[in-house]
> 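My questions will all concern the structure given below.
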Amino acid sequence: MSSSRSAHPLMLLALLAPLGLDLLSAAEASGKLIVSEVAPTGMVGSVVGITSRPDGRLYVTNTTRRTQAAIDIRKVPDWLVDSLACTSIDDKRALIHRRYGDGAKDAWKKLETFKERIYALDDSDGDGKADRCTIAFDGFGTDINGVAAGILWHQDALYVTCYPSLYKLTDPDGDGLFDQTEELVTGMGIHIGYGGHDMHGPTLGVDGRIYWSMGDKGFNITKEGRNHYGPGLGAVFRIEADGSHFEVFCDGVRNPFELAFDAHGNLIAPDHDGDFGDQEGLRFLVQGSDSGWRAHWQYRSAR
């Protein structure tokens with residue numbers, strides 16, 4: 001789940017915790033949707049991704065990079081041609097180092113002062129409301145890291161999407177802090193692109209693999225001896241929990257958020273409109289399909 005524009009995201013956490021699932025079951029029986037607040041506004045700052053453990057602990061990602069370090073092409077329009085010409089993460093890094101801060105020497109290092117955090121929320125007294133909030137992870141603060149926009153708890157690990165990589169975080173000593181970080185696959189987000197066109201919604205597929213989506217910032221991924229190159233493309237990927245068998249499931253999407261499988265195993269996701277008066281829509285995502293969007297079409301009115 002990503003942050004909602006119509007309600008504070010922490011109000012929606014009840015739908016993910018065991019308490020919330022009980023409420024949802026009751027709601028299905030009554031024909032009503034019940035939403036209850038499990039954490040007050042202000043307990044955590046700018047929440048983006050949310051996941052829950054079977055024991056009720058909630059993890060939320062908190063971003064400081066969104067407007068301060070994750071560069072938006074709309075704020076640096078003179079970078080556009082150079083950005084679209086990037087074919088790799090190394091190209092993107094070189095562009096940032098060359099152009100950030102009007103080319104002032106090492107100005108780009110400011111980008112490394114902002115980090116993403118993951119908070120653990122607990123309900124210690126069992127009243128259905130989180131009363132304890134701790135920092136479980138603090139990182140993803142390189143010059144090319146984006147927003148930690150997606151998070152999934154699976155097999156005693158957190159899977160986090162944060163350009164340019166999918167990360168697996170573990171807590172080997174059981175102290176509640178995720179102090180081991182494994183980069184499962186990298187190479188997503190080779191262009192600057194629009195802010196908010198992040199990697200989103202990691203979820204388990206019916207095949208047991210982890211699926212996630214990315215906005216139209218392009219990718220150049222080499223994994224298991226194969227190269228996957230998609231300049232100007234948004235995509236949906238999948239991978240085994242151990243980082244093996246990576247695949248580009250489909251591409252040509254603009255900026256799909258939450259992925260969902262229906263009862264028949266079909267993959268569906270909402271995809272954002274192109275800001276040209278067109279409508280947002282639901283995408284029926286078929287393996288190997290191309291939904292037709294290319295990032296450079298976004299800039300057709302650029303001068």
> Do the side chain of Gln298 and the main chain of Gly274 share a donor and acceptor less than 3.5 angstrom apart?
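Yes, Gln298 side chain to Gly274 backbone: donor-acceptor pair under 3.5 Å.
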
> Leu166 pairs by side-chain contact (heavy atoms from CB on, under 4.5 Å) with which of Leu184, Thr186, Val160?
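Answer after filtering Leu184, Thr186, Val160: Leu184.
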
> Taking atom CD1 of Ile135 and atom CZ of Arg117, what is their separation to the nearest 0.5 Å?
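Interatomic distance, Ile135 CD1 to Arg117 CZ, rounded to 0.5 Å: 3.5 Å.
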
> Determine whether a donor-acceptor pair (N or O, by modelled atom type, separation under 3.5 Å) exists between the side chain of His191 and the backbone of Gly232.
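Yes, the answer is positive, given that a donor and an acceptor are paired below the 3.5 Å cut-off.
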
> Check whether any side-chain N or O of Asp106 sits under 3.5 Å from a backbone N or O of Lys109 as a donor-acceptor pair, and report yes or no.
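No, because the side chain of Asp106 does not come within donor-acceptor range (under 3.5 Å) of the backbone of Lys109.
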
> Looking at Gly141 and Arg65, what are the two nearest heavy atoms and their distance?
CA-NH1, 3.7 Å

> Report yes or no: does Ser83 contribute a side-chain atom to a donor-acceptor pair with the main-chain N or O of Ile192 at less than 3.5 Å?
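Confirmed, Ser83 side chain pairs with Ile192 backbone.
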
> Can you run down the side-chain hydrogen bond (donor to acceptor under 3.5 Å, both in side chains) pairs that involve residues 68-81, sequence neighbours left out, and say none if there aren't any?
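For residues 68-81: Asp72-Arg74, Asp78-Arg99.
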
> For Asp198, check side-chain hydrogen bond (donor to acceptor under 3.5 Å, both in side chains) against everything at least two apart and list the hits.
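Partners of Asp198 by the side-chain hydrogen bond (donor to acceptor under 3.5 Å, both in side chains) criterion come out as none, since no residue qualifies.
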
> Going by heavy atoms in the side chains, are His272 and Phe257 under 4.5 Å from each other?
yes

> Got a sec, which residues hit side-chain hydrogen bond (donor to acceptor under 3.5 Å, both in side chains) with Asp273, two or more places apart in sequence or on another chain?
none

> What's the spacing between Lys129 NZ and Leu121 CG if we round to 0.5 Å?
13.0 Å

> What residue pairs, at least two apart or across chains, pass salt bridge (Lys or Arg N to Asp or Glu O under 4.0 Å) with a residue in residues 222-236?
none

> Linking I/L/V/M/F/W/Y whenever any side-chain heavy atoms sit under 4.5 Å apart, do Leu259 and Leu152 land together?
no

> Between Asp143 and Arg93 (salt bridge meaning N to carboxylate O under 4.0 Å), is one present in this structure?
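The answer is yes: the pair qualifies as a salt bridge.
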
> Please report the shortest heavy-atom distance between Gly128 and Val38, naming the atom on each side.
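Shortest heavy-atom separation between Gly128 and Val38 comes out as O-CG1, 3.3 Å.
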
> Would the Tyr163 and Phe219 ring centres measure less than 6.0 Å apart?
no

> Can you tell whether the side chains of Asp271 and Arg254 come within less than 4.0 Å, N to carboxylate O?
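Here Asp271 does not pair with Arg254 in a salt bridge, since their nearest N and O are not under 4.0 Å apart.
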
> Are side-chain heavy atoms of Arg283 and Ile268 found at a separation under 4.5 Å?
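Not in contact.
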
> Assess Lys217 against Tyr194: is NZ or CZ under 6.0 Å from the centre of the six-membered ring, and within 45 degrees of the ring's axis?
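Negative - Lys217 is either too far from the ring of Tyr194 or too far off its axis.
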
> Using side-chain hydrogen bond (donor to acceptor under 3.5 Å, both in side chains) as the criterion, list what pairs up with Ser124, not counting sequence neighbours.
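Ser124 satisfies side-chain hydrogen bond (donor to acceptor under 3.5 Å, both in side chains) with Asp131 once adjacent residues are dropped.
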
> What residue pairs, at least two apart or across chains, pass salt bridge (Lys or Arg N to Asp or Glu O under 4.0 Å) with a residue in residues 177-191?
none

> State whether Lys92 and Asp82 are salt-bridged, where the test is any N-O pair (Lys NZ or Arg NE/NH1/NH2 against Asp/Glu carboxylate O) under 4.0 Å.
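Salt bridge between Lys92 and Asp82, a charged N being under 4.0 Å from a carboxylate O: no.
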
> Shared ILVMFWY cluster between Ile73 and Ile144, side chains joined below 4.5 angstrom?
yes

> Look at the side chain of Asp123 and the backbone N and O of Asp127, then say whether any donor-acceptor pair between them is shorter than 3.5 Å.
yes

> I need the minimum non-hydrogen distance between Met43 and Ala130, along with the two atoms involved.
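Minimum heavy-atom contact is CE-O, 3.4 Å.
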
> Who passes side-chain contact (heavy atoms from CB on, under 4.5 Å) against Arg238, sequence neighbours left out?
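In terms of side-chain contact (heavy atoms from CB on, under 4.5 Å), with neighbours along the sequence ignored, Arg238 is linked to Asp207, Arg209, Tyr211, Glu247, Phe249, Gln287.
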
> Indicate the atoms forming the closest heavy-atom contact of Ala295 with Asp216, along with that distance.
CB-O, 3.3 Å

> For the pair Thr134 (side chain) and Ala136 (backbone), establish whether a donor and an acceptor sit closer than 3.5 Å, ignoring hydrogens and angles.
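Not a single qualifying donor-acceptor pair exists.
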
> Does the pair Val48 and Val147 meet the rule for a side-chain contact (heavy atoms from CB on, under 4.5 Å), with working shown?
CA-CA 9 Å; Val48 187; Val147 172; 4.2 Å; yes

> Rounded to the nearest 0.5 Å, what separates atom CH2 in Trp212 from atom OG1 in Thr161?
9.0 Å

> Calculate, to the nearest 0.5 Å, the distance between atoms CD and NE2 belonging to Glu258 and His200 respectively.
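NE2 of His200 is found 8.5 Å from CD of Glu258.
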
> Which ring-ring contact (aromatic ring centres under 6.0 Å, His included) pairs, counting each pair once, include a residue from residues 109-137, with sequence neighbours left out?
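Checked against ring-ring contact (aromatic ring centres under 6.0 Å, His included) - neighbours excluded - the pairs reaching residues 109-137 are Phe137-Phe140.
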
> Might you work through the side-chain contact (heavy atoms from CB on, under 4.5 Å) test for Leu111 and Ile96, ending with a clear yes or no?
CA-CA 10 Å; Leu111 302 176; Ile96 292 171; 3.6 Å; yes

> What verdict does the side-chain contact (heavy atoms from CB on, under 4.5 Å) test give for Leu285 and Ser291, after you've listed the backbone C-alpha separation in whole Å, the side-chain angles of each residue and the deciding distance to 0.1 Å?
CA-CA 8 Å; Leu285 301 173; Ser291 294; 4.2 Å; yes

> Restricting to non-hydrogen atoms, name the atom on Lys168 and the atom on Ala157 that form the minimum distance, rounded to 0.1 Å.
CE-CB, 3.8 Å

> Hey, could you give me the CD1/CG distance between Ile118 and Leu177, rounded to the nearest 0.5 Å?
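It comes to 11.5 Å.
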
> Check the surroundings of atom NE2 in His245: do more than 12 heavy atoms from other residues, nucleotides or ligands lie under 6.0 Å from it?
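No.
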
> Restricting to side-chain hydrogen bond (donor to acceptor under 3.5 Å, both in side chains), what partner residues turn up for Thr67, sequence neighbours left out?
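So Thr67 forms no side-chain hydrogen bond (donor to acceptor under 3.5 Å, both in side chains) with any residue.
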
> Is a salt bridge present between Asp290 and Arg294, judged by a nitrogen-to-oxygen distance below 4.0 Å?
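A salt bridge is present here (some side-chain N lies under 4.0 Å from a carboxylate O).
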
> Does Leu282 belong to the same Ile/Leu/Val/Met/Phe/Trp/Tyr cluster as Phe284, with side-chain heavy atoms less than 4.5 Å apart forming each link?
yes

> For the residue pair Met199 and Met188, establish whether any side-chain heavy-atom pair is separated by less than 4.5 Å.
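The answer is yes, as the side chains (C-beta and beyond) meet within the 4.5 Å cut-off.
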
> Identify, with sequence neighbours excluded, every residue that meets side-chain contact (heavy atoms from CB on, under 4.5 Å) alongside Tyr229.
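Checked Tyr229 against side-chain contact (heavy atoms from CB on, under 4.5 Å); matches are Thr87, Ile190, Asn220, Asn227, Pro231.
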
> Check ring pair (Phe, Tyr, Trp, His ring centres under 6.0 Å) between Tyr100 and all other residues, then give those that pass, not counting sequence neighbours.
none

> Would you say the ring centroid of Phe246 lies under 6.0 angstrom from that of His228?
yes

> Give a yes or no on whether Ile239 and Leu204 share a hydrophobic cluster (residues Ile, Leu, Val, Met, Phe, Trp, Tyr; joining criterion: side-chain heavy atoms under 4.5 Å apart).
yes

> Is the backbone of Gly49 close enough, under 3.5 Å, to the side chain of Thr61 for a donor and an acceptor to pair up by distance?
yes

> At their closest point, which heavy atom of Cys162 faces which heavy atom of Gly146, and how far apart are they?
SG-O, 3.3 Å

> With sequence neighbours excluded, give me every side-chain hydrogen bond (donor to acceptor under 3.5 Å, both in side chains) pair touching residues 144-155.
Thr142-Asn145, Asn145-Tyr167

> Assigning hydrophobic clusters by single linkage (Ile, Leu, Val, Met, Phe, Trp, Tyr; side-chain heavy-atom cutoff under 4.5 Å), is Val253 placed with Val286?
no

> Working to the nearest 0.5 Å, report the span between CG of Asp251 and CH2 of Trp293.
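Interatomic distance, Asp251 CG to Trp293 CH2, rounded to 0.5 Å: 14.5 Å.
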
> Could you verify whether a donor N or O on one side chain and an acceptor N or O on the other, from Ser88 and Asp90, lie under 3.5 Å apart?
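Short answer, no.
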
> Looking at Arg53 and Asp55, is there a salt bridge between them, counting it only when a charged N and a carboxylate O are closer than 4.0 Å?
yes

